[in-house]
Amino acid sequence: MATEAHGEATGLSFHPMDQFIVRPLFGDGPVHWYTPSNVTLWLFAIILATLALLVLGTRGRGIVPTRTQSIAELAYGLVHKMVGDIAGKDGLKYFPYIMTLFMFIVFANFLGLLPMAFTVTSHIAVTGVLALAVFLTVTTIGFVKNGAHFLDLFWVRSAPLAIRPVLAAIEVISYFVRPVSHSIRLAGNMIAGHAVIKVFAGFAAIAAVAPISIIAVVGMYAFEILVAFIQAYVFTILTCVYLKDALHPSH
Amino acid sequence: MISLLQEAVTIAAEHTESVASSVAHGETETTTGLPQLDLSTFANQIFWLVVAMVVLYWVVARIALPRIGAVLSDRQGAMTGDLMAAEEFKLKAKEAEAAYDKALADARAEANKIVAANRAEIQKELDAAIAHADAEISARSAESEKRIREIRDSADVDAREVARDVAAELVRSFGGTVDQAAVDQAMDSRMKGALQ
């Protein structure tokens, strides 16, 4: 990498991408599909975090909530309102699915910000599967609910007839680009933020720039906390928008 | 961030072949390309992701969401119930206030009645006392008048006696004979209107 080449020249060592390497959890062998890896570890950390917040945090079932229960209720309210507002009342049937996605991404992003952590959402493989799952589910729902009427999504009736075929082509392309943009937006944000933090941290090895480097890392970290939530929110809200298109395809 | 990503992608594309070769040798650690594009780890990531998502979905959909939903609806119910109870209490308070006002008005009316009754009674007693006093006063004044009249009568008689005696004595001292009858008559005619 460019930074690494530069690092070799000055004695600095930059490995901003090493944090994304998938390693076996035990031993040093190849990563087979079944090998428990650091991905596995952090995926289960996400599950445990979700359990801690949504299940353990609400075990009191209090009319007057505890702090943890309030946060769980806030998350519930946020996603529930989002689904209801965007996808409509009939979209609420898919609320558990969207809530799962939101909790997964939000915890993946936040746990990834812990030092030494592995960010599962920084991998195209993970976000790609999530986005493809959303894409396929939403498309299936669209055809099951509306039949051939679902294709109205691509046939813009409000436009003049002459332009409609062109618009239809654009709409179809944009529809199929959705999973790509959906997944790369999330993974790209995660990769970039974490890599930049690592690069800044690498500069801390030089005593003269270390204070600036540390301040930059702190600022970047704060920014990444914001990004971690916003990207989870964006991924979820886009899922709701796609779901709305599937449920109500007419423009 | 986007430029960095682009850079990363181009670099990764350059290294795709080296990635493939290193994967063949099982040397994922030494890969210099973007780890995200190391296809050899995709199966692993996807497999564990699917496992994790199934577990997470089960946890969220089966345990967490029904519980939180129940808590929220319980709270909503409790709030609605409490509000309704509050409304009821408010109504009760209003009724109580009305009853209190009514009781107060009743009590006031009763008090007025008692006051009026007492006043009437007192008036009656007063009237009786006044009447009694009037009677006494008139009796006393009648008695007094009688006595005054007696005194006046006696004074009249005395005055006549004295006048008669003085007249007779005067006549006698002038040398005349006293005709008692004439003196009496002259006395009477003179005294008429003087006394009384």
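Proteins come first, then strands; the chains are lettered A, B, ... in the order of their sequence lines, and each starts at number 1.
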Closest non-hydrogen atoms of A/Trp33 and B/Ala43, given as atom of the first, atom of the second and distance, are CB-CB, 3.6 Å
Looking at every non-hydrogen atom in both residues, tell me the closest pair between B/Gln45 and A/Ala125 and how far apart they are.
OE1-CB, 3.8 Å
Could you walk me through whether A/Leu54 and B/Val59 pass side chain to side chain contact (heavy atoms under 4.5 Å, CB included), step by step?
CA-CA 9 Å; A/Leu54 293 187; B/Val59 167; over 6 Å; no
Would you check if B/Asp38 and A/Val22 make a side-chain contact, meaning some heavy-atom pair closer than 4.5 Å?
no
Which region of A/His32, side chain (C-beta onward) or backbone (N, CA, C, O), has a non-hydrogen atom less than 4.5 Å from a non-hydrogen atom of chain B, or is it both or neither?
backbone
What residue in B/Leu65, B/Val71, B/Val60 has the most heavy-atom pairs under 4.5 Å with chain A?
B/Leu65
With a 4.5 angstrom heavy-atom cut-off, which part of A/Phe104 approaches chain B: side chain, backbone, both or neither?
both
Side-chain contact, heavy-atom cut-off 4.5 Å: A/Phe44 with B/Val51?
yes
Give the member of B/Val55, B/Asp74, B/Leu72 that has the highest number of heavy-atom pairs under 4.5 Å with chain A.
B/Leu72
Given A/Leu51, A/Leu101, A/Thr50, the one that forms side-chain contact (heavy atoms from CB on, under 4.5 Å) with B/Leu56
A/Thr50
Does B/Arg67 use its side chain to pair, donor to acceptor, with the backbone of A/Val55 at less than 3.5 Å?
yes
If you round to the nearest 0.5 Å, how far is CG of B/Asn44 from CG of A/Asn38?
8.5 Å
Identify which of A/Val39, A/Leu53, A/Thr40 forms the greatest number of heavy-atom pairs closer than 4.5 Å to chain B.
A/Thr40
Whatever's closer than 4.5 Å to a heavy atom in chain A on B/Arg75 counts as both
Where B/Trp48 and A/Tyr34 come nearest, the two heavy atoms and their spacing
CZ2-O, 3.3 Å
In terms of heavy-atom pairs under 4.5 Å with chain B, which of A/Gln19, A/Arg59, A/Met99 leads?
A/Met99
Check this for me: B/Arg119, atom CZ, are more than 12 non-hydrogen atoms of other residues, nucleotides or ligands nearer than 6.0 Å?
no
Quick one: what part of A/Gln69 sits under 4.5 Å from any heavy atom of chain B, side chain, backbone, both or neither?
side chain
Please look at A/Phe20 and chain B and tell me whether the side chain, the backbone, both or neither of the residue comes under 4.5 angstrom of a heavy atom of that chain.
both
How far does OG1 of A/Thr127 sit from CD of B/Gln36, to the nearest 0.5 angstrom?
9.0 Å
At their closest point, which heavy atom of B/Ala52 faces which heavy atom of A/Ile47, and how far apart are they?
O-CD1, 3.6 Å
